[in-house]
Undergrad: 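Here it is, the structure, as structure tokens.
Side chains included, hydrogens not; waters and symmetry mates left out as well; all remaining heavy atoms used.
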Amino acid sequence: MKASKGIVGKALFNIIGIGSLVALSVCAQPVAETPTVTVPSTTVLPVTPTPTATIATQNLAELAKSAASQGQFKTLIQAVQAAGLTEQLAAPGPYTVFAPTDAAFSALPKATLDQLLQPANKQQLVKLLSYHVIPGGITSQQLTSGEVKTGEGSPVKITVDRTSNSITVNNAKVTQPDIPASNGIVHVVDRVLLPPNFPTSLNTTPTPR
């Protein structure tokens, strides 16, 4: 038993001795450690969480309205209001919205856009806008290639290419991903997504004045 205790004692002594040597070797190299600490802090500086936190306090409707005031989603807001979907975009969600810019809407034939905004074509407008929404708050990193069912009922085809860092939804490219809202996420797209079998001709009844 004494021999065992002696062996254990020596083992503990060796472990403590090795630990002390490791600690001393770490403390003896403060100059080498300094750059390692300094570089990450410099790298992290450009990432400022404050704007994200501010934007995320707005719901999807408020966020779109805010962006519209800066001239990016004026047509989208006009369409959402004409379709009566403002309250739905303010609901808890979460939702993921593929938001076409004003430039994307302007690529549609002007007659088609004007007709969509008429009260007589409200259901078609709701169908079109709902096709840009999928359930859940899904970031660009969580998106995967495949079909995802939309609020309209039909799926959109998502293609994710991590090599080129690109995401497309049907034939539209995501130009600005991951804009957070309190009830979801917005991914800006450069084209308006048209649901399957979307009518090429719409009701042309003039808007009542």
Side-chain angles (χ1 to χ4, degrees), residues 52-108 112-140 142-144 146-158 167-199 202-203 205 207-208:
T52 300
T54 303
I55 294 173
T57 62
Q58 299 177 310
N59 61 44
L60 289 164
E62 293 168 337
L63 181 60
K65 189 175 181 180
S66 233
S69 67
Q70 299 171 16
Q72 191 175 15
F73 296 122
K74 287 183 178 179
T75 309
L76 178 59
I77 280 295
Q78 186 180 4
V80 167
Q81 291 173 342
L85 296 176
T86 304
E87 287 187 10
Q88 186 172 338
L89 285 180
Y95 306 108
T96 296
V97 177
F98 299 108
T101 60
D102 289 341
F105 273 105
S106 68
L108 292 175
T112 300
L113 183 58
D114 288 344
Q115 290 165 19
L116 276 170
L117 295 175
Q118 292 179 10
N121 294 311
K122 182 177 178 180
Q123 291 307 313
Q124 293 300 333
L125 184 57
V126 170
K127 181 182 176 75
L128 177 71
L129 294 176
S130 298
Y131 191 60
H132 291 75
V133 180
I134 60 177
I138 307 172
T139 67
S140 60
Q142 294 170 329
L143 286 172
T144 56
E147 291 191 339
V148 181
K149 189 175 181 181
T150 67
E152 182 268 342
S154 305
V156 288
K157 182 182 178 182
I158 296 175
I167 299 172
T168 56
V169 185
N170 287 356
N171 60 347
K173 183 179 179 181
V174 174
T175 57
Q176 186 178 353
D178 302 325
I179 302 174
S182 61
N183 61 339
I185 293 177
V186 174
H187 302 297
V188 181
V189 291
D190 64 355
R191 292 189 183 186
V192 176
L193 307 176
L194 298 177
N197 304 317
F198 194 73
L202 299 165
N203 192 323
T205 305
T207 304

Undergrad: Quick one: does V97's side chain get under 4.5 Å of I185's, heavy atoms only?
TA: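 Counting from C-beta outward, V97 and I185 never come under 4.5 Å.
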Undergrad: So which atom in T150 and which in S154 form the shortest heavy-atom distance, rounded to 0.1 Å?
TA: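 The answer is OG1-O, 2.6 Å.
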Undergrad: Do T175 and D190 have a side chain donor and acceptor closer than 3.5 Å?
TA: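 The answer is no; no qualifying pair exists.
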Undergrad: Tell me whether N183 contacts the main-chain N or O of A91 through its side chain, where contact means a donor paired with an acceptor under 3.5 Å.
TA: yes
Undergrad: Please round to the nearest 0.5 Å and tell me the distance separating atom CD of Q81 and atom CG of L89.
TA: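 Going from the CD atom of Q81 to the CG atom of L89 covers 10.5 Å.
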Undergrad: Between atom CD1 of I138 and atom NE2 of H187, what is the distance when rounded to the nearest 0.5 Å?
TA: 7.5 Å
Undergrad: Check for a donor-acceptor pair, side chain of T139 on one end and backbone N or O of Q142 on the other, with a separation under 3.5 Å.
TA: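 Answer holds: yes.
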Undergrad: Do F105 and K74 have side chains that approach each other closer than 4.5 Å (heavy atoms only, starting at C-beta)?
TA: no
Undergrad: Identify the two heavy atoms, one from V186 and one from A99, that lie closest to each other, and give their separation to 0.1 Å.
TA: CG1-CB, 3.8 Å
Undergrad: First locate atom CG of L60, then atom OH of Y95, and finally report the distance between them rounded to the nearest 0.5 Å.
TA: 9.0 Å
Undergrad: What is the minimum heavy-atom distance between V156 and L193, and which atoms define it?
TA: CG1-CD1, 4.4 Å
Undergrad: Do T75 and D102 meet the criterion of a side-chain donor-acceptor pair at a distance under 3.5 Å?
TA: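 Side-chain D/A pair, T75 to D102: present.
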Undergrad: In Å and rounded to the nearest 0.5 Å, what is the NE2 to CD1 distance from H132 to I134?
TA: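 CD1 of I134 is found 12.0 Å from NE2 of H132.
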Undergrad: Out of L125, V192, L129, which one pairs with L116 under the side chain to side chain contact (heavy atoms under 4.5 Å, CB included) rule?
TA: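 Passing option: L125.
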Undergrad: Working note: V188 + I179, criterion side-chain contact (heavy atoms from CB on, under 4.5 Å); need CA distance, chi angles, decisive distance, verdict.
TA: CA-CA 8 Å; V188 181; I179 302 174; 3.7 Å; yes
Undergrad: Test side-chain contact (heavy atoms from CB on, under 4.5 Å) on L117 and Q78 and set out the steps.
TA: CA-CA 8 Å; L117 295 175; Q78 186 180 4; 3.6 Å; yes
Undergrad: Locate the shortest heavy-atom distance separating P100 from F73; write the atom from each residue and the value.
TA: O-CD2, 3.3 Å
Undergrad: Kindly say whether G136 contributes a backbone atom to a donor-acceptor pair with the side chain of T96 at under 3.5 angstrom?
TA: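 Yes, because the side chain of T96 sits within donor-acceptor range (under 3.5 Å) of the backbone of G136.
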Undergrad: Calculate, to the nearest 0.5 Å, the distance between atoms OG and CG belonging to S182 and L63 respectively.
TA: 9.0 Å
Undergrad: Provide the closest heavy-atom pair for P155 versus Y131 in the form atom of the first, atom of the second, distance.
TA: O-OH, 3.1 Å
Undergrad: I want to check something: taking the side chain as every heavy atom from C-beta on, are L128 and L194 in contact at a cut-off of under 4.5 Å?
TA: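 Contact flag for L128/L194 side chains = yes.
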Undergrad: Of the non-hydrogen atoms in S140 and P177, which two are nearest, and what is the gap between them?
TA: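 The pair with the smallest heavy-atom distance is CB-CB, 3.9 Å.
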Undergrad: Nearest 0.5 angstrom please: Q115 CD to T112 OG1, how far?
TA: 5.5 Å
Undergrad: Does N59 reach the main-chain N or O of E62 with its side chain, forming a donor-acceptor pair under 3.5 Å?
TA: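 Indeed, once roles are kept as given, a pair shorter than 3.5 Å links the two residues.
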Undergrad: Which is it for I158 and T144 under the side-chain contact (heavy atoms from CB on, under 4.5 Å) test, yes or no, and what are the steps along the way?
TA: CA-CA 7 Å; I158 296 175; T144 56; over 6 Å; no
Undergrad: Is E147 salt-bridged to K157, cutoff N-O under 4.0 Å?
TA: no
